Every structure is written in C-alpha cells, then in structure tokens.
Number of protein chains: 2
Amino acid sequence: MPTIKDVAREAGVSVATVSYVLNNKQALVSESTRQSVLEAIKRVGYVPSVVGRGLQANKSHLIGYAWHPITYGQVNPVLDQFTYFMAHAAEEAGYHLLTFTCPLDNPVPVYEDLITTRRVDAFVLSGTRQDDPRIAYLLERRFPFVSFGRSNPEWQFSYVDVDARAGVREAVKYLVDLGHRRIAFVGWPEGSLSGDWRLQGYLDGMREFDLPVPASYVQRGVQSDVTGRQALCRWWELPPEQRPTAVITVTDLIAIGVMKQAAAFGLVLPRDLSIIGFDNAPLVEHFTPALTTFEQPIPEIGHILVELVERMVRGDQPEHLQVLVKPRLLMRESCAPPRQS
Amino acid sequence: MPTIKDVAREAGVSVATVSYVLNNKQALVSESTRQSVLEAIKRVGYVPSVVGRGLQANKSHLIGYAWHPITYGQVNPVLDQFTYFMAHAAEEAGYHLLTFTCPLDNPVPVYEDLITTRRVDAFVLSGTRQDDPRIAYLLERRFPFVSFGRSNPEWQFSYVDVDARAGVREAVKYLVDLGHRRIAFVGWPEGSLSGDWRLQGYLDGMREFDLPVPASYVQRGVQSDVTGRQALCRWWELPPEQRPTAVITVTDLIAIGVMKQAAAFGLVLPRDLSIIGFDNAPLVEHFTPALTTFEQPIPEIGHILVELVERMVRGDQPEHLQVLVKPRLLMRESCAPPRQS
DNA sequence: CTGTTAGCGCTTTCAC
DNA sequence: GTGAAAGCGCTAACAG
C-alpha cells in the first residue's frame, strides 16, 4: 500500500509538496509540480490513509450511533431505514457511521469509552428520554452530538424530531371530517417522551373540536399487540352508544392488536371501527384492511442529523438548532365514516 | 484528553515503560513501577487512543458491513437484528462495526475505497450472489472477509449460511405428515442464490416422498405480495382436484400475497390452504392465520461471522471455513390437514 | 514555490 | 528493568 513518501519519491518532490497538492493549497504549489505530483499519485495508486490523517488532526471521521438491544423478534420499525440514510448522508460528508451496541440501563460508560479512545468525533442519539443520562453526560463533557428526539426542555442541544403532536392532531381532524365524534387513543405507559407527544396531539385535537374524552378513552400499555386487544375489550364493556367509533394508537403494533381483537368480536373493519397507527412498520399495508398510519420522513431526518452533527464537528461552535419535521398520514383502508352517525 | 506522555510524566517514567505496562509485557517492567504507572493512569484518567495504536499497527479495528438498498434476495427482514448481533460480537472481540452504504450495481469501488484509505481491517458481506463481484475483488486483493451466504463453489473463502435446502425439505415433510400431497412453491426469479437453495429443498422433499411436481407448481416472481397473488390465481385456474392444498414460499412477503389472494377467493385458511413462509419477518405472527415460517438463528450467525473474520485479521492465515446453520420452523397457525384427504 | 522539520499517540527495537 | 529514539502516515510551521 503506497504512502505519501512513495508519491514524493516517485514525483521527485518532498512529502510536504505532496501534502499540499492533496489538500489543495493552491497558493503553495506551482501548476507544473502540481501536475507531476498528481500523475505520480495516479501512477503508484496512492490514496491517503484516513488513520494517518486522523492522528494528525485528532479526528476519526466517524460518527457513533447506538443500537439498543432488541427484544428478539421485536421490531423497531424504522431503525434499519434510519441507519441506511444516516450512513449515506455521513458518507457524502466524508464521514462513516460506527454502529455500536449499548445497554439501556447504564449506557454512559459505552459512550465514554468511545470518546476516550478517540473512536468517534460525534454521536447521533435516538430513543431519547426525559432526563436522558447520555445527553446529560455529553453536554457536561461538551462532546458533539445531535439527537433524534427531544429531552428536557431546559437542556440546550441540537435535535431533530417528528412533530407527532401536530400529526396526531391532524389525524383527529381527519376522523372528525369522516364524521367521527367518539375517538379513543391507546398509548404507551406514562413517561415515554414520544408517546406523550402523540397523546398530546390527540388531546389537542379532541379539545379543538369540542369532543369529550371520557377517562376510559385513553388506554395505555406496553409495546405489544396485547395492549391493543385489552383496550378494545375495555371499550366494548361500555354500552354500545358510548363505544368509540375510531381509535388512534401510538404505534402500529398496538393498532394491529386492536384489529385482531375487533376481528375476534366479529366487527367488520373499517365499517365498525376506524383505526390509525403510527410509524408505518413493514408489512402493515398488507393487513386487512390496510392500516392507515403515519410515516416519518426518515431519509430527511437522517440527512438533517448528519448535517447538524457535521457542522458541530467542523465548526466546533456549540450550535443548538431544533428541527421539527412533520409526519405524513398515509391514508389507506382502515378508516371510514362511522356506521351510525 | 491525557496521552501516554502525561502518564509518563505523572509516574516519572518514560513513555516506553507506560507502553509496556499497557501491553502487559510482564518481563519488561518491575512490579513496583508497574503499580505506580497503573496509579498514574488512573489519576490522570488515561485511555489509549485507538487511532494512535491503529497507525502504529496499521490496523483500524473496524469491520465493514454494507447496507444495500432494499431488494429481493436480501435478508432484509432481519437486517437490523443481524447488525445488532454482529456489532455486539465485534465489540466483544475488541472491534467495532462500520456500516456503510453501497450501490447494488458496481459495489466494488466502495469496497476499494474503504481498503485503500485503511478504513477497515476486514469486511462482512451479505446478500451474496453468483459471480459476486465483491468476492472476486476481495479474493484477488487478498483482503480479509467472510460472507453471510455462499457464492461460486469453486471460490475458496469462509462463509456462514443458512441451510435453507435442508430446512425447506423438512417443511415438505411437515406438510406431508399433515396429509398433504399437492404441495406447490413460489420462488424468486432464477439466479437468486438463496432462493434457489430454498427451491431445491422443495424439490428434494417432493422427490423424497414421491410427490408429483407439475410445471405449474413452481411459480416465480419478484419480492412482492403480487407474486404470491398471481401464483394463487394460476393455481386456481386448474381444476379443483389439481389445485395445491399447501404452498411453501421463498419468503414471508410472498406468503402474505398468497394469503391475501386466498381471502379474495373466499378461502378459509388454513382449512382450504396451508401456507409456509421464510424469514419470520416482523409482524407476520400477527396475520390471520399467524404465519408458519422459518426463523434464521441470526444471533448465532452474527457471532460466528465475527469470530471467523476476527481470526482472519489476527492470524492472517487464509482460512476458509464453511458453516451451515439450520433454520428453525416456527409452527404457528397457517398449516392444517388438507380439507379432503 | 519548495523542502526541512516537528509532532499527532503509540509501539518497539536497541542501548544502557 | 528502563529509557532514548525511530517510525507508523500525515499536516503544518518555518526557512529558504
């Protein structure tokens, strides 16, 4: 593998000169030597070592992104797309993506290790939480990072997030426009940041249209189809005229649970119940009826995140930009006007 | 960020000595200095720079793994799990995973770039094909790699693959044991390596049980639910007594297509048709009926791949080990005895 | 314009 | 046992 020395020898110049042409120091090298160096580079097949450059600049040109443990068989519906587009964006900016694993409890030591070994120049976080220890740590250490998702409002840092609140509010409007008035919601347990925004959007929408929200209309549960099934069971204990005619769920898997229970009750969808999910998980379009759900603009988000983080690394100015992107409602077949208006 | 020099100064020794204790050169340093160096390391909070070490050893301690844009033939349903477990295994071996993107046509320049810039020490390939240009290139360049999936039999390299042939053969047996005799198959277009192995397993099984395979019983098409729908339409053009009572598909998405078309025909599953998929894609357990399908032991595969590649990098011996792991049939609800035996 | 030189953080001969 | 010094591949002052 040729080094800069080989090129220098081949071109009959010093390594400094080669370095100059490599780094486009226009003023520092005459056009003729420039050309001969370029030719020498081509002749010996030289490509600069990113390691050598990294040592010099104290940079690794690597962006760290953590994969949190997956309960086997469980899905993070967008993780793979997200990684793909982030890697792509990173490469366009001259970086690469380092994917690492990290325990959910006590994640900080892993981040610390990556920093102290100079493995990465910055991090992209996702799955942020209230009082997220990673953010607290990185902020205190002044290490560059951006996150996909918000955290404590009083913390100053750059993030990109999906404006799920606005999205779900519009989902309510969509259902209202179809004629629904009894609209219910299934969320995650309290404390999930993104889950709470989605719920908030539901409450916003209901208030906006002066629709009542009986306590039973907001059900909560863990990430499982069972949560959806249980929610529907609760509602079907109500007298028929109090049952919701439409449901919005915090995520597709729970929506599917609702659909399964609806089938078990002999309901015909979407005639007897309209359902809206969130995330557009793989395959949800193939359920019957095809699930109406929200798609997050993952390619765009990945792009923005990398751009932000790259600017932090390069500029070293502690910017803190906040970007909210709108999710898009994919209107498929799981919503219809209510049976009896 | 403290360097080895800081430690040396703190401990009142030379950098060489610090390096010795860092690398556990037992014979080279007395126990007492060893201790004082260790203390100094702790006091200044020193962690060796992986970049500095890398430059010295001409190693990056990074394993490259490409994310291809989504296509058929790919292990896409399990890509995220795969990445997670590989990253995990890599970290246990002192490596990290570099995920990069790569066009399906003309992938070689991307690999070449990663090699010439000394970005990675080795690659893990997946989605291998017949005459795979990446394998040809890496083999010729003698660059360390292992692959998830086979390629040309005459090429000597290490791989791990799922023994889909044996798996699907057993799926046939499972259906035969249920009483089926008219079993059909839907595959990918010819030339997909993994698709062809799965088809071969079907043919093996059918021959083993002396079951006829009329030409129409093997349908092919791209990675889409439409392929499954079309296949069922073909079969339902046959007289009822010639229609298959069970179908094995090369992948879950196509199985779902079959299920959707079956529903459109008013069939009751699994009473009127048994279906087996492959890959255990997310959510397939939530379809009605829950899809019986094959699960690949992804954690195990990731682990073996990393172990193989790590041995190559370390040892530099050109091993070529071949590992086949069995997929596991997840018997759910989409198979039943045929209606009229 | 070009070359010499120091140095990034580390390992490893080779003297002492 | 320990340290001085060279060198991994590269960049950037500084001299000329």
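By convention in this document, chain letters (A, B, ...) are assigned in the order of the sequence lines, proteins followed by strands, and residues within each chain are numbered from 1. If you're wondering where the values come from, they're calculated on a predicted model, not measured in any experiment.
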So if I take the C1' atoms of five pairs at each end of the helix from C/dC1-D/dG16 to C/dC16-D/dG1 and get each local axis, what angle do the two axes make, rounded to 10 degrees? 50°
Figure out the CG/P separation between A/Asn58 and C/dC10, and round it to whole Å. 10 Å
Which pairs with one or both residues in residues 107-124 of chain B pass salt bridge (charged side-chain N to carboxylate O under 4.0 Å, His left out), sequence neighbours excluded? none
Extract all donor-acceptor atom pairs below 3.5 Å that involve side chains of residues 88-99 of chain A and protein atoms in other chains or at least two apart in sequence.
residue: A/His88; atom: ND1; partner: B/Thr101; partner atom: OG1; Å: 3.2
residue: A/Glu91; atom: OE1; partner: B/Thr101; partner atom: OG1; Å: 2.7
residue: A/Glu91; atom: OE2; partner: B/Thr101; partner atom: N; Å: 2.9

Most 5' of B/Gly12 and B/Gln56 on DNA chain D, judged by nearest nucleotide: B/Gly12
For A/Lys25 and B/Val15, take the nucleotide of DNA chain D holding the closest heavy atom to each; which residue's nucleotide lies nearer the 5' end? B/Val15
Which whole-number value in Å describes the distance from B/Met1 CE to C/dC8 C1'? 14 Å
Hey, where on DNA chain D does chain B first and last touch, going 5' to 3'? Cut-off is any atom under 4.0 Å from a heavy atom. D/dG1 to D/dG9
Give every residue pair that meets the ring-ring contact (aromatic ring centres under 6.0 Å, His included) criterion with at least one member in residues 116-142 of chain A, sequence neighbours excluded. A/Phe100-A/Phe123, A/Tyr111-A/Phe123, A/Phe123-A/Phe143
Any side-chain donor-acceptor pair under 3.5 Å between B/Ser36 and B/Thr33? no
Spacing between B/Lys5 atom NZ and C/dG7 atom P, to the nearest angstrom: 7 Å
A/Arg9: which residues meet the side chain to side chain contact (heavy atoms under 4.5 Å, CB included) condition with it, sequence neighbours left out? A/Asp6
Please report, rounded to the nearest Å, how far the P atom of C/dG9 is from the CZ atom of B/Arg9. 11 Å
How many Å lie between NE2 on B/His61 and C1' on C/dG9, as a whole number? 14 Å
Using a 4.0 Å cut-off on heavy atoms, which residues in residues 44-51 of chain A reach DNA chain C? List them by number, or say none. none
For B/Arg129, is there any backbone N or O sitting under 3.5 Å from a side-chain donor or acceptor partner on B/Ser151? yes
Which comes earlier along DNA chain C counting from the 5' end, the contact point of A/Thr17 or that of A/Leu55, where each point is its nearest nucleotide? A/Thr17
Identified ring pair (Phe, Tyr, Trp, His ring centres under 6.0 Å) counterpart of A/Phe148 within the set A/Tyr159, A/Phe82, A/Phe85: A/Phe82
Salt bridge (charged side-chain N to carboxylate O under 4.0 Å, His left out) contacts in which one or both residues fall within residues 130-140 of chain B, not counting sequence neighbours: B/Asp132-B/Arg134
Between protein and nucleic acid, restricted to nucleotides 13-16 of chain C and to nitrogen or oxygen atoms under 3.5 Å apart, what atom pairs and distances do you find?
residue: C/dT13; atom: O4; partner: B/Tyr20; partner atom: OH; Å: 3.0

For B/Arg34, enumerate each residue passing the salt bridge (charged side-chain N to carboxylate O under 4.0 Å, His left out) test, keeping only those at least two apart in sequence or located in another chain. B/Glu31
Answer with base, sugar-phosphate or nothing: what part of the nucleic acid does A/Ser30 contact at a heavy-atom distance below 4.0 Å? sugar-phosphate
How would you list, by chain and number, every residue that makes a side chain to side chain contact (heavy atoms under 4.5 Å, CB included) with B/Val124, sequence neighbours excluded? B/Ile63, B/Tyr65, B/Met86, B/Val146, B/Leu305
Minimum heavy-atom distance between B/Ile298 and B/Gln81, given as atom pair plus value: CG2-C, 3.8 Å
Could you state the CD1-P distance from B/Ile4 to C/dG9, rounded to the nearest angstrom? 11 Å
For residues 18-26 of chain B, tabulate all N or O donor-acceptor pairs below 3.5 Å that involve a side-chain atom, not counting sequence neighbours.
residue: B/Ser19; atom: OG; partner: B/Asn23; partner atom: ND2; Å: 3.3
residue: B/Asn23; atom: ND2; partner: B/Ser19; partner atom: O; Å: 2.7

Looking for any heavy atom pair under 4.0 Å, which part of the strands does A/Val18 touch: base, sugar-phosphate only, or nothing? nothing
